[in-house]
Amino acid sequence: MSDRLPGFNTLAIHAGAAPDAATGARATPIYQTTSFVFDDVDHAASLFGLQAFGNIYTRITNPTNAVLEERIAALEGGTAALAVASGHAAEFLTMHALMQPGDEFVASNKLYGGSINQFNHSYKNFGWSVAWADNDDPASFEAAITPRTKAIFCESIANPGGVITDIAALSQIAKKHNIPLVVDNTMATPYLIRPFEHGADIVVHSATKFLGGHGNSIGGLIVDGGSFQWAGDARYPMMSQPRPEYSGMVLAETFGNFGFAIACRVLGLRDLGPALSPFNAFLILNGIETLPLRMQRHSDNALTVATHLSKHEAVSWVSYPGLETDRYHVLAKRYTPKGAGAVFTFGLKGGYEAGVKLVSNLQLFSHLANIGDTRSLIIHPASTTHRQLTDAQKTAAGAGPEVVRLSIGLEDPADLIDDLDAALEG
Ligand SMILES: *Cc1c(COP(=O)(O)O)cnc(C)c1O
């Protein structure tokens with residue numbers, strides 16, 4: 001083979017994987033074991049002291065999970081990755097590595113409802129506080145930065161749908177203030193957007209969605225972009241200060257440009273424990289093999305359905321950046337030229353009641369709280385995912401009472417359109 005790096009389709013199938021050394025198995029085996037036998041006492045000591053790479057216990061590393069970690073690092077263009085039990089665990093362990101009690105971070109106001117809850121409420125118990133900024137106004141992120149701000153957090157394509165974030169503009173602000181930019185890339189996946197190419201420092205995923213892609217496994221991933229200089233920066237003691245857990249080792253010095261991923265693993269995952277089951281890692285790996293095909297079809301189908309709805313008399317508006325008339329279309333062309341993803345929202349002229357009626361009438365669409373399945377999904381955020389938020393927060397998050405969210409699957413778009421038309425009439 002030439003020196004040229006393999007392309008995205010090839011990496012989606014091969015990155016991190018090789019025939020099993022012991023058996024020749026071509027698919028990645030599921031190493032469904034809690035623990036791994038040490039060669040001898042010295043080997044055990046070097047593993048526990050982080051002097052050698054190897055497996056001790058599946059809460060910290062596992063060979064099936066390691067293939068998934070290498071695969072996502074390759075697809076995102078990062079230096080290393082960590083697989084964890086859920087997208088929320090990925091967000092939490094990321095913040096755990098960045099934040100100390102009393103610290104703050106600035107987050108976009110256009111986020112998955114669960115992330116808004118995690119940031120507003122659960123983080124208080126750790127003494128971390130969030131300052132909300134307007135996703136459409138990069139200057140509002142800068143205005144919210146204080147000397148205690150340790151990170152900026154946004155989504156690439158933002159939940160519940162139809163918002164494209166100007167990652168490069170946020171990266172400029174992050175760099176100016178020397179803080180890392182964390183991008184939740186769940187909705188885009190690296191097939192549509194690779195945040196590191198636009199200046200992100202850390203990427204997190206809910207692998208539950210498009211990476212797994214079949215609605216069968218919860219999982220999360222943290223990807224280290226290798227770009228942030230932690231070494232010598234006392235604001236980030238997890239990476240930059242001697243760690244008592246590892247006899248004074250400084251992770252950013254020992255592990256260089258993947259020191260952040262190591263901190264998330266050996267301080268966060270080791271001590272807090274949200275490990276991914278190897279079985280789920282296997283299913284997510286299977287999903288990733290077809291990620292490029294699926295994301296393209298998701299995006300193409302979503303554009304077809306969004307175009308249809310935008311002309312429907314019961315519909316007041318459609319928010320899908322793939323539509324030429326959409327306010328985010330210019331950003332979409334720049335950040336996600338292959339397509340704008342599967343998920344979008346639209347407004348019903350009949351308001352809250354019409355939203356409730358639509359979800360009850362549909363046959364082919366499933367009414368449930370997920371996105372990124374092969375199947376088409378629908379939810380009425382105001383009565384479900386965004387229910388806990390105040391009305392102002394709902395509207396700020398793009399989840400007002402008349403809003404319906406679709407996650408368009410891989411079915412024939414004509415069948416999806418028939419289902420929607422019948423339900424809107426019924
Ligand atoms: C679902 C989701 C999460 C949370 O992931 P889980 O795997 O459900 O814990 C975080 N961010 C985004 C954008 C999501 O869609």
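Order of listing sets the numbers, starting from 1, for every ligand and every atom in it. As the structure is a prediction and not an experimental result, all values here were calculated from the model. In what follows, every heavy atom counts, from backbone to side chain, and hydrogens, waters and symmetry copies are set aside.
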> Any side-chain donor-acceptor pair under 3.5 Å between Tyr236 and Gln241?
Replying inline: no
> Going by atom types only, do Ser115 and Glu91 share a side-chain donor-acceptor pair under 3.5 Å?
Replying inline: yes
>> Looking at Arg327 and Asp136, is any side-chain nitrogen of the basic one under 4.0 Å from a carboxylate oxygen of the acidic one?
In response: yes
>> Can you pull out every side-chain hydrogen bond (donor to acceptor under 3.5 Å, both in side chains) where at least one residue sits in residues 214-230? Sequence neighbours excluded, please.
In response: Asp201-Ser227
Just list the N/O pairs, ligand 1 to protein, that are under 3.5 Å apart, with the distance for each.
| unit_1 | atom_1 | unit_2 | atom_2 | d |
| --- | --- | --- | --- | --- |
| ligand 1 | 5 (O) | Ser206 | OG | 3.0 |
| ligand 1 | 7 (O) | Gly87 | N | 2.8 |
| ligand 1 | 7 (O) | Ser206 | OG | 2.8 |
| ligand 1 | 7 (O) | Thr208 | OG1 | 2.6 |
| ligand 1 | 9 (O) | Gly87 | N | 3.1 |
| ligand 1 | 9 (O) | His88 | N | 2.9 |
| ligand 1 | 11 (N) | Asp184 | OD2 | 2.6 |
| ligand 1 | 15 (O) | Asn159 | ND2 | 3.2 |
| ligand 1 | 15 (O) | Lys209 | NZ | 2.7 |

> Can you list every side-chain hydrogen bond (donor to acceptor under 3.5 Å, both in side chains) pair that touches residues 353-376, not counting sequence neighbours?
Replying inline: Asp373-Arg375, Ser376-Glu411
> Could you give all pairs that pass the salt bridge (Lys or Arg N to Asp or Glu O under 4.0 Å) test and reach residues 59-79, with sequence neighbours left out?
Replying inline: Glu69-Arg265
